[in-house]
Amino acid sequence: MTDVKELLLSRIREVADYPEPGVMFKDITPLLADPAAFTALTDAFAEIAGRTGATKLVGLEARGFILGAPVAVRAGLGFIPVRKAGKLPGATLAQAYDLEYGSAEIEVHAEDLSAEDRILIVDDVLATGGTAEAAIRLIHRAGAEVAGVAVLMELAFLDGRPRLEAALGGAPLEALLTV
């Protein structure tokens with residue numbers, strides 16, 4: 001796994017002062033453009049999906065879609081997008097959550113989840129944990145079980161892990177990289 005971590009880390013570009021001064025943005029587009037790195041990432045997430053006994057995979061808008069869809073295919077699982085409010089047609093189940101300045105809301109088609117499902121949530125970054133925590137609540141409200149959360153990168157200095165671990169109730173939280 002060390003070689004995979006080194007490969008993934010080598011393909012993440014740091015962009016200073018983006019989107020605002022003082023922020024060091026972690027750009028994953030070079031990783032996505034490299035077929036070997038993207039395949040290694042997909043394989044690592046698919047292994048986590050198998051280990052957790054996931055029956056379906058949820059990707060969080062928007063980079064969670066890019067990362068999660070190929071993982072679902074590789075692992076032989078269904079893929080369910082969790083979107084920003086107002087983006088899904090038909091009946092949805094919504095969950096509001098707080099941001100640093102304000103609030104937001106995510107939605108899912110509730111009929112895509114059932115009590116028999118074990119859901120692995122996939123996203124690119126764990127920062128403060130607000131979006132992933134809202135997704136956990138949303139999945140529970142839909143009657144499904146959360147098998148775990150898998151992220152490419154955990155920004156440890158933002159302390160999202162304790163918040164998510166509390167919401168996960170013992171299900172694993174796995175970050176391929178911690179920065």
Side-chain angles (χ1 to χ4, degrees), residues 26 28-29 31-32 38 41-42 44-155 158-177:
K26 306 293 187 189
I28 68 166
T29 58
L31 187 156
L32 299 174
F38 197 11
L41 173 60
T42 301
F45 278 160
E47 188 275 327
I48 293 169
R51 194 165 11 93
T52 61
T55 60
K56 290 183 181 168
L57 193 138
V58 155
L60 304 181
E61 189 164 336
R63 289 178 297 270
F65 297 173
I66 297 168
L67 303 182
V71 173
V73 170
R74 177 73 43 88
L77 304 175
F79 178 80
I80 301 167
V82 168
R83 306 254 1 228
K84 294 176 183 170
K87 302 288 185 181
L88 290 171
T92 61
L93 189 59
Q95 179 67 51
Y97 61 102
D98 292 328
L99 299 169
E100 188 175 350
Y101 301 104
S103 63
E105 192 171 51
I106 55 174
E107 295 179 332
V108 69
H109 282 136
E111 71 269 10
D112 292 340
L113 299 168
S114 73
E116 292 80 40
D117 286 322
R118 289 182 46 81
I119 308 299
L120 178 65
I121 299 167
V122 170
D123 205 5
D124 64 330
V125 174
L126 169 59
T128 63
T131 307
E133 181 185 37
I136 291 166
R137 288 186 188 150
L138 193 57
I139 291 163
H140 285 153
R141 286 182 46 225
E145 181 183 349
V146 176
V149 173
V151 296
L152 168 59
M153 272 182 292
E154 177 180 354
L155 305 179
L158 292 176
D159 293 325
R161 180 172 285 272
R163 177 182 192 169
L164 272 195
E165 286 177 337
L168 281 165
L173 166 57
E174 299 200 35
L176 299 180
L177 304 171

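Positions are given from 1 along the sequence.
Contact detail for L176 and A44: the closest heavy-atom pair is CD1-CB, 3.9 Å. Residues V146 and I139 come closest through the heavy atom pair CG2-CG2, 3.7 Å. Considering all non-hydrogen atoms of both residues, A110 and L93 come closest at CB-CB, 4.1 Å. T52 and P172 get closest at one heavy-atom pair: CG2-CG, 3.9 Å. Between D98 and S103, the shortest heavy-atom distance links the atoms OD1-CB, 4.0 Å. Contact between L152 and F45 at its shortest, heavy atoms only, is N-CZ, 3.5 Å.
Here the CG atom belonging to L67 is positioned 10.5 Å from the CG atom belonging to L60, to the nearest 0.5 angstrom. One finds the OG1 atom of T131 at 10.0 Å from the CG atom of L126 (value rounded to the nearest 0.5 Å). The CD atom of E47 sits 13.5 Å away from the OG1 atom of T42 when rounded to the nearest 0.5 Å. Taken from CD1 in I119 to CG in L113, the straight-line distance is 5.0 Å, to the nearest 0.5 Å.
In this structure, E145 pairs ionically with R118, as a charged nitrogen and a carboxylate oxygen lie closer than 4.0 Å.
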Output side-chain donor-acceptor pairs under 3.5 Å for residues 75-82, partner residues at least two apart or in another chain, one line each.
none

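Put simply, the side chain of F38 reaches to within 4.5 Å of the side chain of I66, judged on heavy atoms. Within the 4.5 Å cutoff, side-chain heavy atoms of T128 are placed close to those of R163. Side-chain contact between M153 and I28 is present, with heavy atoms from C-beta onward closer than 4.5 Å.
Between the side chain of R141 and the backbone N or O of A94 there is at least one donor-acceptor pair closer than 3.5 Å. Under the 3.5 Å distance criterion, the side-chain polar atoms of Q95 are left unmatched by any main-chain donor or acceptor of A134. A distance-only check finds no donor-acceptor pair linking the side chain of K87 to the backbone of E61 [under 3.5 Å].
With sequence neighbours left out, the salt bridge (charged side-chain N to carboxylate O under 4.0 Å, His left out) criterion links R161 to E154, E165.
The environment of CZ in R63 is sparse: at most 12 heavy-atom neighbours from other residues, nucleotides or ligands sit within 6.0 Å.
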Check your understanding: Can V58 and V108 be said to form a side-chain contact (heavy atoms from CB on, under 4.5 Å), step by step?
Key -> CA-CA 9 Å; V58 155; V108 69; 5.6 Å; no

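Applying the side chain to side chain contact (heavy atoms under 4.5 Å, CB included) test between E174 and each of I48, L120, V149, V151 identifies I48 as the sole match.
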